[in-house]
**Student:** 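Take this structure, written in structure tokens, and hold onto it; I'll ask about it next.
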Amino acid sequence: AAVPGMVGGMLLHCKSLRRFEHSGGWIRVLLEEAENERMHLMTFMEVAKPRWYERALVFAVQGIFWNFYFVAYVISPKVAHRAVGYLEEEAIHSYNEFIKELDSGNIPNVPAPAIAIDYWRLAPDSTLRDVVMVVRADEAHHS
């Protein structure tokens with residue numbers, strides 16, 4: 001999830017250096033988005049407690065997506081950004097469904113992990129639902 005922001009930020013950084021011009025703040029925005037998306041992953045990894053092969057899958061998909069997105073961004077940054085916008089909109093829909101499942105009791109509303117409480121400055125008694133709400137808000141901002 002953090003790949004688009006990191007790739008975009010890196011390529012804009014290099015472009016800015018080559019052209020000796022400012023990015024208008026976009027490098028910082030993209031790198032902050034990458035960090036935010038990384039925290040989404042770190043938070044849900046803490047909740048899900050993935051096995052080694054699930055972590056390996058994340059690693060493999062990251063490698064494939066990094067290269068694909070890098071090429072797409074070099075060809076057309078505008079199209080690459082729009083594609084990410086669509087992914088973010090789909091994430092919002094998925095989080096809406098996740099909230100419905102939490103509210104119906106199909107998924108236990110466990111306490112929020114410490115990493116989420118620290119990162120989003122949530123109340124100490126926050127729950128998974130609170131985490132999903134702030135993550136969904138992040139995705140809406142990114143889209």
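Note that the coordinates shown come from a computational prediction; the quantities given were computed from them, not determined experimentally.
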**Student:** Work out which heavy atom in Leu102 is nearest to a heavy atom in Pro108; give both atom names and the distance.
**Tutor:**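 So the minimum-distance heavy-atom pair works out to CD2-O, 3.7 Å.
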
**Student:** To the nearest 0.5 angstrom, please state how far the CG atom of Leu57 sits from the CD atom of Gln62.
**Tutor:**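 One finds 11.5 Å between CG of Leu57 and CD of Gln62.
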
**Student:** Heavy-atom distance under 4.5 Å between the side chains of Leu31 and Met10, does that happen here?
**Tutor:**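 No, their side chains stay 4.5 Å or more apart.
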
**Student:** Do Thr43 side-chain atoms and Met39 backbone N/O form a donor-acceptor pair below 3.5 Å?
**Tutor:**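 Yes: the side chain of Thr43 pairs with the backbone of Met39.
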
**Student:** Applying side-chain hydrogen bond (donor to acceptor under 3.5 Å, both in side chains), name anything that partners Lys78, two or more places apart in sequence or on another chain.
**Tutor:**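 Lys78: no side-chain hydrogen bond (donor to acceptor under 3.5 Å, both in side chains) contacts found.
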
**Student:** State whether the side chain of Asn109 and the backbone N or O of Leu128 hold a donor-acceptor pair below 3.5 Å, judged by distance alone.
**Tutor:**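 Yes.
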
**Student:** Quick one: does Ser126's side chain have a donor or acceptor within less than 3.5 Å of a partner on Leu122's backbone?
**Tutor:**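 Such a contact is absent between Ser126 side chain and Leu122 backbone.
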
**Student:** Taking the side chain as every heavy atom from C-beta outward, state whether Ser16 and Ile27 have any pair of such atoms under 4.5 Å apart.
**Tutor:**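 Side-chain contact under 4.5 Å: yes.
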
**Student:** Would Glu101 and Glu97 count as a side chain to side chain contact (heavy atoms under 4.5 Å, CB included) here? Give the steps.
**Tutor:** CA-CA 6 Å; Glu101 292 295 312; Glu97 294 302 313; 5.6 Å; no

**Student:** Which pairs count as salt bridge (charged side-chain N to carboxylate O under 4.0 Å, His left out) when at least one residue sits in residues 35-58, sequence neighbours excluded?
**Tutor:**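 Counting only pairs at least two positions apart or across chains, the salt bridge (charged side-chain N to carboxylate O under 4.0 Å, His left out) contacts touching residues 35-58 are Glu35-Arg38, Glu46-Lys49.
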
**Student:** Quick one: does Phe44's side chain get under 4.5 Å of Val135's, heavy atoms only?
**Tutor:**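 They are in contact (side-chain heavy atoms under 4.5 Å apart), so the answer is yes.
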
**Student:** Check the pair His142 / Asn36 against side-chain hydrogen bond (donor to acceptor under 3.5 Å, both in side chains), numbers first and verdict last.
**Tutor:** CA-CA 10 Å; His142 298 162; Asn36 181 256; 3.2 Å; yes

**Student:** Can you check salt bridge (Lys or Arg N to Asp or Glu O under 4.0 Å) on Arg82 and Glu89, steps first, answer last?
**Tutor:** CA-CA 11 Å; Arg82 190 60 244 152; Glu89 289 170 14; 3.1 Å; yes

**Student:** Would a 4.5 Å heavy-atom cut-off, applied to side chains only, mark Val71 and Trp66 as touching?
**Tutor:**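 SC-SC contact between Val71 and Trp66 ruled out.
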
**Student:** Quick check: is Phe68 connected to Leu11 through a chain of hydrophobic side chains (ILVMFWY, heavy atoms under 4.5 Å apart)?
**Tutor:**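 Yes, Leu11 connects to Phe68 through the hydrophobic network.
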
**Student:** Using ring pair (Phe, Tyr, Trp, His ring centres under 6.0 Å) as the criterion, list what pairs up with Phe65, not counting sequence neighbours.
**Tutor:**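 So Phe65 forms a ring pair (Phe, Tyr, Trp, His ring centres under 6.0 Å) with Tyr69.
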
**Student:** Mind checking the CD-CG spacing from Glu33 to Leu30? Nearest 0.5 Å is all I need.
**Tutor:**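 If I round to the nearest 0.5 Å, the distance is 6.5 Å.
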
**Student:** Provide the closest heavy-atom pair for Val131 versus Pro113 in the form atom of the first, atom of the second, distance.
**Tutor:**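 Nearest heavy atoms, Val131 then Pro113: CG2-CD, 4.4 Å.
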
**Student:** Can you list every pair that meets ring-ring contact (aromatic ring centres under 6.0 Å, His included) and has a residue in residues 96-119, with sequence neighbours left out?
**Tutor:**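 Sorted pair list comes back empty.
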
**Student:** Answer yes if Val61 and Met6 sit in the same cluster of Ile, Leu, Val, Met, Phe, Trp and Tyr residues linked by side chain heavy atoms under 4.5 Å apart, and no otherwise.
**Tutor:**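 No.
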
**Student:** Give every residue pair that meets the ring-ring contact (aromatic ring centres under 6.0 Å, His included) criterion with at least one member in residues 13-41, sequence neighbours excluded.
**Tutor:**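 For residues 13-41, and leaving out neighbouring residues, the ring-ring contact (aromatic ring centres under 6.0 Å, His included) pairs sorted by first residue read His40-Trp120.
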
**Student:** Give me the atom names and distance for the closest heavy-atom approach of Pro124 to Ile117.
**Tutor:**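 Closest approach of Pro124 to Ile117: O-CD1, 3.7 Å.
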
**Student:** Do the side chains of Ile64 and Phe70 join up, straight or via other hydrophobic residues, at under 4.5 Å, putting them in one cluster?
**Tutor:**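 The answer is no; the residues belong to distinct hydrophobic clusters.
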
**Student:** If the condition is side-chain hydrogen bond (donor to acceptor under 3.5 Å, both in side chains), which residues does Glu21 pass it with, not counting sequence neighbours?
**Tutor:**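 Residues passing side-chain hydrogen bond (donor to acceptor under 3.5 Å, both in side chains) with Glu21: none at all.
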
**Student:** Is there a path of hydrophobic side-chain contacts, each under 4.5 Å between heavy atoms, that joins Val110 and Ile115?
**Tutor:**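 In one cluster with Val110: Ile115, yes.
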
**Student:** Are any non-hydrogen side-chain atoms of Glu32 and Arg28 less than 4.5 angstrom apart?
**Tutor:**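 Yes, close enough: below the 4.5 Å cut-off.
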
**Student:** Atom CE in Met133, atom CD1 in Ile99: separation rounded to 0.5 Å?
**Tutor:**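 Result: 5.0 Å between the selected atoms.
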
**Student:** Any donor-acceptor pair under 3.5 Å linking the side chain of Asn67 with the backbone of Gly63?
**Tutor:**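 Flag set: sc Asn67 to bb Gly63 pair under 3.5 Å.
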
**Student:** On a heavy-atom basis, which atom in Ala34 and which in Gly5 lie closest, and how many Å separate them?
**Tutor:**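 Scanning both residues completely, I find the closest heavy atoms to be CB-C, 3.9 Å.
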
**Student:** With the 4.5 Å side-chain cut-off for hydrophobic clustering, are Val3 and Met45 part of the same group?
**Tutor:**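 No: no chain of side-chain contacts under 4.5 Å links Val3 to Met45.
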
